[in-house]
Protein chains: 2
Amino acid sequence: MPELPFTLDQLRILKAIAAQGSFKKAADILYVTQPAVSLQIQNLEKQLEITIFDRGGRKAILTEAGRLLLEYCERILNQCDEACKAIEDLNSLKGGTLVIGASQTTGTYLMPRMIGLFRQKYPDVSVQLQVHSTRRTGWSVANGQIDLAIIGGQLPVDLENLLQVIPYATDELALVLPSKHPLATKKELLKEDLYKLNFVTLDSQSTTRKVVDKLLRDSGLDIQRLKIEMELNSLEAIKNAVQSGLGASFLPVVSIERELSAGTIHKAFVADLEVKRELKLITNPSRYTSRASEVFKKYILPQFASLESPLRNI
Amino acid sequence: MPELPFTLDQLRILKAIAAQGSFKKAADILYVTQPAVSLQIQNLEKQLEITIFDRGGRKAILTEAGRLLLEYCERILNQCDEACKAIEDLNSLKGGTLVIGASQTTGTYLMPRMIGLFRQKYPDVSVQLQVHSTRRTGWSVANGQIDLAIIGGQLPVDLENLLQVIPYATDELALVLPSKHPLATKKELLKEDLYKLNFVTLDSQSTTRKVVDKLLRDSGLDIQRLKIEMELNSLEAIKNAVQSGLGASFLPVVSIERELSAGTIHKAFVADLEVKRELKLITNPSRYTSRASEVFKKYILPQFASLESPLRNI
DNA sequence: TTATTTGAACAATTTAAATTTATGGAGACT
DNA sequence: AGTCTCCATAAATTTAAATTGTTCAAATAA
């Protein structure tokens, strides 16, 4: 109801006249006819109940009220230009924020590399990485706090239906032993051998632990018979424990690349046992996808995706 | 040429939706229908090539780009409101500037009182007083540097036609003597007595001086025979000179009110001689008249105008 | 001076844009 | 499921703005 007493077009015209000192020249610059300019200024004067220009002589000269209005006019138009520029920057990825979610594993070992690559190409987009449980990450994606996320665990069914879940990569969980362990010399272990090992595991709440337990059970192992030396809540801590000879563990291969090449840890093969989990990309299809998110999904993720991932076929 | 990518109305709608969290509620508040709101936002999104709202759920939620735009939006709309307020203040005389011109005499003795009265009623209007020669004042009024002026001299003819000249008041130029002067005792002087006096006058360039000379000449006096003791360029200086007994002078009565009542100066009457000049109000009819100027002319000036002035009949 | 030019105002017509009415579809609440 | 709310869409109407053509006044030039 509180009608605005002027339009941006009118302000633009006002500015042009003030700059040119003439209605006609302003009209030429704005690519309209002179009467259009006259009318708009007349409307402006009528609505504000002021006289803006002295049109007596050859030049149009601002009145006091006109000068006052012009000041605001310039400020307003400047703000408009700035707003446009900001929006353009956002569109061309020269600004904005990308919020990525990840589980402990991917957040620690995969994301830093991806984000590095992204920031190299778009240094003006700030990226935020949120490492949380699969469950919490799922909810954050659902309500828009996170643009996209990669998870390794299973989503609650309600979220599963709400979100777009795309298979992204296979994360192998390798059995690792201290490099000086007696069994480290064997080329291939048997499942039975596992019962002889002392395990250092993640705590039983963690998604990764649950996944490992399930896969071992599925392959016919009795996980109750496995000896658990200790439970830790950090992969790094487990790695250190294994390297110190405290026991064996199932760890994501991405997390032990460096230790393997340094030879400080041993990766064992177990016959007829593959402990693998699917990493999945989750997004919220019912929400706006930012340009940054779009680009990340299209150009960054595929470079790290496994060959079978749908993301490869873009 | 560079078309604006949005209108103030669109920004207003954007703000309302953001505040209400709903297209419909925003429409209600703005007293338009819901489709009008939807269409405008769609136009905005199309023109800026961004998505502004996530319309999935029950609430309309801003996207990142939307939040960015909203920031600017609020700033712009605030500036608009401020501009309106400033203009309103100007209209209601809660702001603005009034520039008044005056000659030495009126500027010194009359204007301060008038301006005081004006400022008492409209303390928010700043008033500027410019004391200049009649000629220069006339030109300033002509080209709009001065809103209105009161002059005592004769304008050049070209200006006379260009400007509106209204008789304002009669300024009597009284013959004043040192109070101890021998002739100060006489009830009435004769014109002949003037030749016996030593005069302290304004310098010959001043308008007041010219007016006095002309009037004396018109009344049959030979101004060559008048003895001029000295020429000063300030009325105050002349007053002091007269009080010190250095000579006589013709001074505007308005400038010696205080001295007369204090008895430090003597006002003499000369038979068959009236030295009076017309003070005139000049304005520029072809220029915009500010509200302040209007009010000053209408309500302040008449209180000091002589009975015959047209200003009285308002 | 008169003639010519230039800039702004005015009126009527055309063109464009925004709003409304009416309707359909998707999600949320009972 | 059924209903309700909210937003999108389409066609029609209303409203506003731009253009064309013309007049008028002031400034410039002959």
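Letters go in sequence order (proteins before strands), and every chain restarts at 1.
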- Side chains of A:Asn284 and A:Ser286: donor-acceptor distance under 3.5 Å anywhere? yes
- Item | Whole angstrom value for the distance that separates P of D:dA26 from CZ of A:Phe23 | 16 Å
- Item | Rounded distance in Å - CG (A:Asp54) to P (D:dA26) | 14 Å
Which pairs would a plain distance check flag for residues 80-89 of chain B, meaning a side-chain donor or acceptor within less than 3.5 Å of a matching protein atom at least two apart in sequence or in another chain?
from, atom 1, to, atom 2, distance (Å)
B:Glu82, OE2, A:Tyr72, OH, 3.4

- Item | ring-ring contact (aromatic ring centres under 6.0 Å, His included) pairs, two or more places apart, involving residues 140-166 of chain B | none
- Scan for side-chain hydrogen bond (donor to acceptor under 3.5 Å, both in side chains) pairs involving residues 38-49 of chain B, sequence neighbours excluded, and state none if there are none. B:Gln10-B:Gln40, B:Gln34-B:Ser38, B:Glu45-B:Arg55
- Item | Pairs satisfying salt bridge (Lys or Arg N to Asp or Glu O under 4.0 Å), at least one member in residues 34-44 of chain B, at least two apart | none
- To the nearest Å, how far apart are B:Leu44 CG and C:dA18 P? 11 Å
Can I get a per-line list of side-chain donor-acceptor pairs under 3.5 Å for residues 151-160 of chain B, giving both atom names and the distance, sequence neighbours left out?
from, atom 1, to, atom 2, distance (Å)
B:Gln154, NE2, B:Glu160, OE1, 3.1

- Residues at least two apart in sequence or cross-chain that pass salt bridge (charged side-chain N to carboxylate O under 4.0 Å, His left out) with B:Glu74, listed by chain then number, are none
- Message: Please encode protein proximity along nucleotides 15-25 of chain D as a string of B, S and -, counting only heavy-atom distances under 4.0 Å.
- Response: --SSBBB----
- Please check the phosphate of D:dT9 (OP1 and OP2 only) for any side-chain N or O of B:Ser38 closer than 4.0 Å. no
For residues 127-136 of chain B, please give each side-chain donor-acceptor pair under 3.5 Å, one per line with the distance, not counting sequence neighbours.
from, atom 1, to, atom 2, distance (Å)
B:Ser133, OG, B:Arg136, N, 3.1
B:Thr134, OG1, B:Thr207, OG1, 3.4

- Message: If I take atom CZ in residue B:Arg55 and atom C1' in nucleotide C:dA28, what distance separates them, rounded to the nearest angstrom?
- Response: 19 Å
- Message: If the helix axis at each end comes from five base pairs, how far does the helix from C:dT1-D:dA30 to C:dT30-D:dA1 deviate from straight, to 10°?
- Response: 30°
- Task: Would you kindly give the CD-to-P distance between B:Gln20 and D:dT5, to the nearest whole Å?
- Result: 17 Å
- Query: Given atom CD1 of B:Ile61 and atom C1' of D:dC6, what is their separation to the nearest angstrom?
  - Reply: 14 Å
- d(NZ, A:Lys59; C1', C:dG7) in whole Å: 14 Å
- More than 12 heavy atoms of other groups within 6.0 Å of B:Lys210 NZ: yes
- Task: Let me know the distance between NZ of A:Lys46 and C1' of C:dC10, rounded to the nearest Å.
- Result: 11 Å
